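To keep things clear, I will list the structure first and then write my remarks on it.
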Amino acid sequence: MSREEVKTAINQLLETTSEQVLQEVFDYLKSVQGKSEKTVSLSQNLRKILTEDKELLEKLAK
């Protein structure tokens with residue numbers, strides 16, 4: 001997708017998103033602004049691991 005297509009798709013999603021979610025999206029965008037692509041990529045990978053392995057992590061914590 002081009003940058004404009006992504007922006008349009010995001011705007012369409014934001015129209016039907018709750019205020020709480022909008023605030024979370026805004027906070028996330030602010031947190032990654034100015035960070036290197038490598039840092040953002042590492043953060044995304046960690047989030048993916050934590051999300052995919054949530055059940056396993058909960059079992060290990062017990």
Side-chain angles (χ1 to χ4, degrees):
M1 291 177 108
S2 72
R3 181 178 177 88
E4 287 303 315
E5 290 172 324
V6 171
K7 288 170 68 174
T8 300
I10 289 171
N11 282 328
Q12 289 173 347
L13 289 172
L14 293 178
E15 291 298 321
T16 59
T17 302
S18 72
E19 297 240 357
Q20 182 181 6
V21 173
L22 285 175
Q23 185 64 50
E24 288 182 38
V25 169
F26 177 74
D27 292 343
Y28 173 74
L29 289 173
K30 281 183 68 172
S31 74
V32 298
Q33 189 174 20
K35 292 189 178 175
S36 70
E37 287 186 35
K38 183 177 179 181
T39 300
V40 173
S41 179
L42 287 172
S43 176
Q44 289 172 333
N45 290 339
L46 178 59
R47 179 177 296 148
K48 182 178 178 183
I49 289 168
L50 293 175
T51 301
E52 289 177 354
D53 295 334
K54 181 181 178 187
E55 187 177 309
L56 175 62
L57 292 170
E58 287 174 348
K59 288 179 182 178
L60 290 172
K62 293 178 183 180

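Predicted model, so just to flag it, every value in this text is computed and none were measured.
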Original post:
Does anything in residues 34-43 pair up under side-chain hydrogen bond (donor to acceptor under 3.5 Å, both in side chains), and if so which pairs, sequence neighbours excluded?
Top reply: S36-T39
**OP:** Using the rule that two of Ile, Leu, Val, Met, Phe, Trp, Tyr join whenever any of their side-chain heavy atoms come within less than 4.5 Å, decide whether M1 and L29 are in one cluster.
**Re:** no
Result block: side-chain N/O donor-acceptor pairs under 3.5 angstrom for residues 9-20, not counting sequence neighbours:
{"from": "N11", "atom 1": "ND2", "to": "K7", "atom 2": "O", "distance (Å)": "3.3"}
{"from": "T16", "atom 1": "OG1", "to": "L13", "atom 2": "O", "distance (Å)": "3.3"}
{"from": "T17", "atom 1": "OG1", "to": "L13", "atom 2": "O", "distance (Å)": "2.6"}
{"from": "S18", "atom 1": "OG", "to": "V21", "atom 2": "N", "distance (Å)": "3.3"}

